[in-house]
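Structure first, then comments.
Here is how names work: the chains are called A, B, and so on, in the same order as the sequence lines, proteins then strands, and each is numbered from 1.
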Amino acid sequence: MAFPVNQLRNDFPILSTQVHGKPLVYFDNGATTQKPRQVINRLVEYYETENSNVHRGAHHLSNLATVSFEGARNFIAQYINALKTEEVIFTRGTTDSINLVSTCFQSFVHQGDEIIISEMEHHSNLVPWQQLCLSKKARLSVIPVLEDGTLDMETATQMLSPKVKMMAISHISNVLGTINPVKELIAKAHKYSIPVLIDGAQAIAHIPVDVRDLDCDFYAFSSHKAYGPMGAGVLYGKSVWLNKMPPYQFGGEMIDQVFLNETVFNRLPYKFEAGTPNVADVLGMETALHYLETIGIDKIQKYEDKLLKHATSLMLEVPGIKLIGTAKHKTAVLSFVVEGVHPYDLGTLLDQMGIAVRTGNHCAQPLVESLGINGTIRASFGLYNTISEVEYFVASLKKAIAMLL
Amino acid sequence: MAFPVNQLRNDFPILSTQVHGKPLVYFDNGATTQKPRQVINRLVEYYETENSNVHRGAHHLSNLATVSFEGARNFIAQYINALKTEEVIFTRGTTDSINLVSTCFQSFVHQGDEIIISEMEHHSNLVPWQQLCLSKKARLSVIPVLEDGTLDMETATQMLSPKVKMMAISHISNVLGTINPVKELIAKAHKYSIPVLIDGAQAIAHIPVDVRDLDCDFYAFSSHKAYGPMGAGVLYGKSVWLNKMPPYQFGGEMIDQVFLNETVFNRLPYKFEAGTPNVADVLGMETALHYLETIGIDKIQKYEDKLLKHATSLMLEVPGIKLIGTAKHKTAVLSFVVEGVHPYDLGTLLDQMGIAVRTGNHCAQPLVESLGINGTIRASFGLYNTISEVEYFVASLKKAIAMLL
Amino acid sequence: MTINESAQGVVEEFWMFDDWMDKYAYLIELGKDLPVIDSQFKTNNHLISGCQSRVWLHAEEQEGQIVFTADSDAVITKGIVSLLIRILSNHTPQEILEADFSFLESIGLQEHLSPTRANGLASMIKQIQLYARAFQLKSNQL
Amino acid sequence: MTINESAQGVVEEFWMFDDWMDKYAYLIELGKDLPVIDSQFKTNNHLISGCQSRVWLHAEEQEGQIVFTADSDAVITKGIVSLLIRILSNHTPQEILEADFSFLESIGLQEHLSPTRANGLASMIKQIQLYARAFQLKSNQL
Ligand SMILES: Cc1ncc(COP(=O)(O)O)c(C=O)c1O
Ligand SMILES: Cc1ncc(COP(=O)(O)O)c(C=O)c1O
């Protein structure tokens with residue numbers, strides 16, 4: 001059965017808007033995705049019928065909100081196949097999730113220890129670990145990226161040792177689209193008892209995610225990159241680690257008993273959820289993941305792969321274009337540079353033609369610099385993009401390049 | 001002119017719902033407020049026409065979202081009368097704002113130093129400072145609360161000394177409703193160069209807030225307690241402090257340049273805003289504050305005061321009721337206990353009659369224990385509550401007490 | 001009377017009231033009537049966690065059957081525990097362990113109660129079953 | 001020609017194009033035609049911050065008037081700076097400091113540009129004014 005893209009597009013109100021008088025072609029899904037009506041409606045429904053603070057109340061609305069909120073946790077735990085519901089911690093997003101872990105790991109990292117990341121990490125999975133290493137006089141070891149945009153697995157394997165206290169790797173690169181062999185890396189790291197955090201920001205909306213199959217110790221993602229609202233995200237953590245870690249933020253919800261001179265902290269997951277949680281956006285995130293589940297993430301992956309293949313073959317025909325990131329296993333992210341053309345100029349002209357792409361270093365400055373360039377243009381696809389958008393994009397690209405050269 | 005409460009009630013869809021077959025009487029505004037249609041619509045409008053990641057994009061939607069987002073910062077800075085727009089940092093809420101400051105103050109607090117809080121603090125303005133003191137071997141000095149629910153100002157004054165590195169005080173107590181004389185405390189603290197953080201969670205929706213008039217160094221509040229969406233909040237900080245403080249979380253947005261071995265951080269306010277910001281809820285918060293401004297916070301305060309006075313006089317007639325918090329300067333928060341009746345039982349029966357109140361220790365366990373009780377029932381009013389709701393509440397209260405005794 | 005029969009009786013009593021206010025009034029009466037637990041058992045040892053109010057539960061064996069006594073600082077909670085005790089007290093450990101708790105659904109209790117209370121109820125049932133298991137083990141060992 | 005007159009000329013040129021694609025094409029042509037800055041001035045000293053692309057701006061005094069030269073790695077940015085230079089070069093510091101920049105609004109540039117570009121444009125104007133002020137101070141001191 002063909003992928004029902006036209007029907008799905010109807011779910012996304014923003015897709016029928018115009019930009020500079022042209023129909024919007026939204027190819028900036030790597031930065032954030034658009035939201036289906038179902039998700040927007042869920043927010044409205046919540047605020048119109050259920051809104052309340054959770055957990056602490058004995059009244060009807062508070063009960064409704066609590067049941068919905070904990071139901072969302074339960075659904076999301078199942079969606080990523082967590083062993084226990086309490087292993088799902090709600091955060092503000094990927095950056096917040098990673099900072100939670102890197103801050104709590106201050107207790108576990110000491111002078112002379114090592115932390116492994118890769119050269120393709122987003123700043124959000126790089127700077128927290130770099131700063132942890134700087135403050136603890138630990139060493140940051142960086143797995144190099146090969147010409148085609150894959151990890152140098154040989155070097156990675158050699159880096160493993162009992163000195164390593166954490167390996168933090170992206171599931172999928174936001175610049176290159178590379179799907180990293182994280183399962184293999186995790187298995188290798190576990191031989192040295194190294195915990196592994198996977199930055200799943202670019203994975204959750206594009207490929208199946210099964211934390212138990214991966215056997216990762218932590219997995220982080222953002223709602224807003226998976227068709228859900230902004231302001232919510234998940235930190236999955238194995239309960240053995242979460243129980244071992246000290247709390248991150250302090251305040252309401254995360255405490256059991258407070259005395260002036262000491263505090264008894266709450267159990268998981270509340271221990272890591274200080275303050276009033278963002279109930280509405282968590283429910284929106286649940287709805288978004290449910291939306292993906294209903295379509296079928298396998299089908300989405302297959303469809304986006306078709307878009308990628310088609311776009312890649314068309315772009316290879318355009319003179320002067322160089323694709324950045326050509327791994328065999330990759331998602332529908334097309335980073336490229338054009339000889340003699342500044343990405344910013346190209347982005348500006350594409351925007352005039354209604355096409356939203358991203359230009360710059362994509363918050364992955366070390367990677368971009370290691371490639372010897374000062375930025376790329378990135379088109380990243382989502383489930384609502386179409387073959388004809390791809391063709392319009394390549395035609396517009398040619399036109400823009402002609403103007404600029 | 002009479003306060004147009006009936007007209008305003010029409011703005012709040014949830015107020016026309018029913019609970020256990022009874023019209024909802026929502027008196028749990030201290031925990032979270034309901035949202036006007038304007039705020040809900042702003043979220044919908046954003047997701048239907050503007051949604052994008054901000055700052056980094058060169059395309060139309062990203063520009064729209066960036067202009068809206070920075071416009072919200074500008075509006076909110078004016079609303080609280082900040083000197084500079086960049087002194088408004090967007091956070092997840094009050095708890096997040098306070099944790100940001102307490103964590104960054106790790107650099108400024110050392111063994112033997114002191115931090116002052118008060119006995120009436122919410123856990124969110126207590127546990128972060130307590131844990132900071134525990135980890136730095138500093139001393140937590142606690143201003144006592146007097147019988148009527150006001151701060152013991154004499155003792156507070158005596159506590160001030162050059163050893164004190166921070167004073168963190170709530171503008172308004174969530175249990176007692178007391179409006180604390182924070183301007184006076186700030187002036188006194190500044191004589192010893194002590195920075196002062198004001199927890200404004202319970203103030204922002206009920207009284208005028210002018211950070212320049214208060215001359216506070218930090219001011220924290222949550223959107224969701226001021227008729228805005230969940231998931232957003234503000235930390236106001238004087239730029240001299242914000243510039244001195246190290247960053248809090250690390251990731252995208254908050255960096256200027258990243259190299260593998262070092263990072264140059266971004267300028268204010270971005271230095272403290274790591275990761276994709278919660279644009280939608282920030283715009284919702286702006287709309288909520290704009291809504292309050294349009295009505296006039298002075299008018300709201302006067303109206304809520306009328307509700308408080310009426311409720312207080314009716315409740316004083318009910319035998320067995322003891323009001324907790326009887327300060328002269330207080331907002332429309334009514335905490336009370338009933339002799340021989342467990343708050344939880346009372347809350348349950350009131351809920352059956354459609355009335356949402358809160359019971360328990362209200363995340364202020366040390367205060368509640370110092371009062372020699374194990375919890376209170378709290379009715380907290382908002383701009384949409386009415387005199388007839390107050391009367392229905394007191395009548396229901398009598399009925400419930402009769403059942404329980 | 002078997003556990004099932006007394007449970008059935010409770011369900012029917014509850015169905016007599018249309019209005020939840022009346023059901024609560026009934027729970028409150030039950031609560032007030034609950035024979036007070038011996039004060040020596042009102043210790044942290046007998047405290048059930050997971051309740052917003054405090055509940056103490058004590059169990060004793062009398063001629064092969066378990067007798068429960070309980071107390072709470074909140075009277076509605078006391079009514080709920082009293083209801084459980086009425087159904088489950090004076091039965092053998094085996095009978096208690098085999099009991100079918102679906103009657104709670106028929107009453108609508110679990111669904112109607114706040115999650116905090118529902119948690120409290122679940123904790124009470126768990127504690128009752130723990131006692132039953134403990135007594136069963138003890139008698140098997142004799 | 002006064003600054004105002006050349007600004008007026010630029011505004012009229014821009015109004016000739018209905019379509020922003022054509023306006024961009026025009027900016028690109030301007031960018032390509034911009035006399036290239038002497039490479040000794042393409043240093044960090046002459047770099048303007050606040051642009052997503054890099055812009056170098058140099059100023060020289062020639063017989064009481066300031067002559068600007070500039071370059072950028074992005075051609076549209078080059079077009080924008082070229083447009084500013086065309087209007088403001090070969091004027092006295094005093095004239096530049098008194099210039100009315102509202103012509104940018106008439107073009108619709110600031111409103112149409114992305115915030116990043118608008119910031120960049122603001123930085124360029126600030127830099128031009130700084131140069132003018134510096135030259136003015138210098139000549140006053142003579
Ligand atoms: C006085 C006070 N401070 C802090 C908080 C914490 O606010 P939030 O849960 O929105 O972070 C609250 C609300 O619960 C409060 O009432
Ligand atoms: C690979 C990767 N990691 C982390 C992030 C940070 O996500 P967020 O900004 O939602 O916290 C992003 C997105 O910007 C990303 O692409």
Side-chain angles (χ1 to χ4, degrees), chain A residues 13-14 17 19-20 28 31-32 34-35 40 43-44 47-49 51-53 56-61 92-93 95-96 99 123-124 126-128 130-131 142 224 229-231 249-252 255 257-260 263 274-276 278-281 344 347-348 351 356 358-360 363 365-366, chain B residues 13-14 17 19-20 28 31-32 34-35 40 43-44 47-49 51-53 56-61 92-93 95-96 99 123-124 126-128 130-131 142 224 229-231 249-252 255 257-260 263 274-276 278-281 344 347-348 351 356 358-360 363 365-366:
Chain A
I14 208 170
T17 60
V19 165
H20 306 307
D28 195 17
T32 198
Q34 299 304 335
K35 320 304 171 200
I40 303 173
L43 299 179
V44 173
Y47 283 125
E48 290 191 348
T49 65
N51 175 56
S52 176
N53 211 318
R56 280 167 283 178
H59 61 77
H60 176 73
L61 286 178
R92 219 163 38 80
T95 304
D96 195 28
N99 275 272
H123 295 161
S124 292
L126 190 165
V127 186
Q130 177 197 65
Q131 297 294 315
V142 184
H224 75 96
M230 292 173 143
Q249 294 190 319
F250 305 100
I255 55 86
Q257 290 193 289
V258 176
F259 309 97
L260 285 176
T263 292
T276 302
N278 186 347
V279 182
D281 292 327
Y344 192 36
T348 303
D351 179 52
R358 186 133 302 221
T359 59
C363 289
Q365 204 174 325
Chain B
I14 208 170
T17 59
V19 164
H20 306 305
D28 196 16
T32 198
Q34 299 304 336
K35 320 306 172 199
I40 303 173
L43 299 179
V44 173
Y47 284 125
E48 289 192 347
T49 66
N51 175 56
S52 175
N53 211 319
R56 281 166 282 178
H59 61 76
H60 177 72
L61 285 179
R92 222 165 33 82
T95 305
D96 196 27
N99 275 271
H123 295 161
S124 291
L126 190 166
V127 186
Q130 178 196 65
Q131 297 294 315
V142 184
H224 75 97
M230 291 173 143
Q249 293 190 319
F250 305 100
I255 55 87
Q257 289 193 289
V258 176
F259 310 97
L260 285 176
T263 292
T276 302
N278 186 349
V279 183
D281 292 327
Y344 192 36
T348 303
D351 179 52
R358 186 132 301 222
T359 60
C363 289
Q365 204 174 325

Problem - Pairwise side-chain contact, A:Leu43 with B:Val44, heavy-atom cut-off 4.5 Å (strictly under) - result: no
Handout entry: Side chain, backbone, both or neither of B:Asp281 within contact of chain A (heavy atoms, under 4.5 Å)
Key = side chain
Handout entry: B:Asn99 portion near chain A, given a 4.5 angstrom heavy-atom threshold
Key = side chain
Practice task
Side chain from CB out, backbone as N, CA, C, O: work out which of these in B:Thr17 comes under 4.5 Å of a heavy atom of chain A, or both, or neither.
Solution key: side chain
Practice task
Applying side-chain contact (heavy atoms from CB on, under 4.5 Å), run through A:Arg92 and B:Asn278 and close with a yes or a no.
Solution key: CA-CA 8 Å; A:Arg92 219 163 38 80; B:Asn278 186 349; 5.9 Å; no
Exercise for the section: Indicate yes or no: at least one non-hydrogen side-chain atom of A:Ile14 is less than 4.5 angstrom from one of B:Leu61. Expected result: yes
Exercise for the section: Any chance you could measure B:His224, atom NE2, to A:Ser52, atom OG, to the nearest 0.5 Å? Expected result: 10.5 Å
Practice task
Go through the atoms of A:Gln131 and report whether side chain, backbone, both or neither lie under 4.5 Å from a heavy atom of chain B.
Solution key: side chain
Handout entry: Beyond-backbone contact of A:Ile255 with B:Val127, side-chain heavy atoms, under 4.5 angstrom
Key = yes
Problem - A:Glu48 and B:Lys35, any side-chain heavy atoms less than 4.5 Å apart - result: no
Exercise for the section: Output yes when a side-chain donor or acceptor of A:Gln365 lies under 3.5 Å from a complementary backbone atom of B:Phe259, and no otherwise. Expected result: no
Exercise for the section: Look at the side chain of B:Asn53 and the backbone N and O of A:Ala31, then say whether any donor-acceptor pair between them is shorter than 3.5 Å. Expected result: yes
Exercise for the section: Check whether A:Val142 gets within reach of chain B through its side chain, its backbone, both or neither, counting any heavy atom under 4.5 Å. Expected result: side chain
Practice task
Tell me, for B:His60 versus chain A, whether the close heavy atoms (under 4.5 Å) come from the side chain, the backbone, both or neither.
Solution key: both
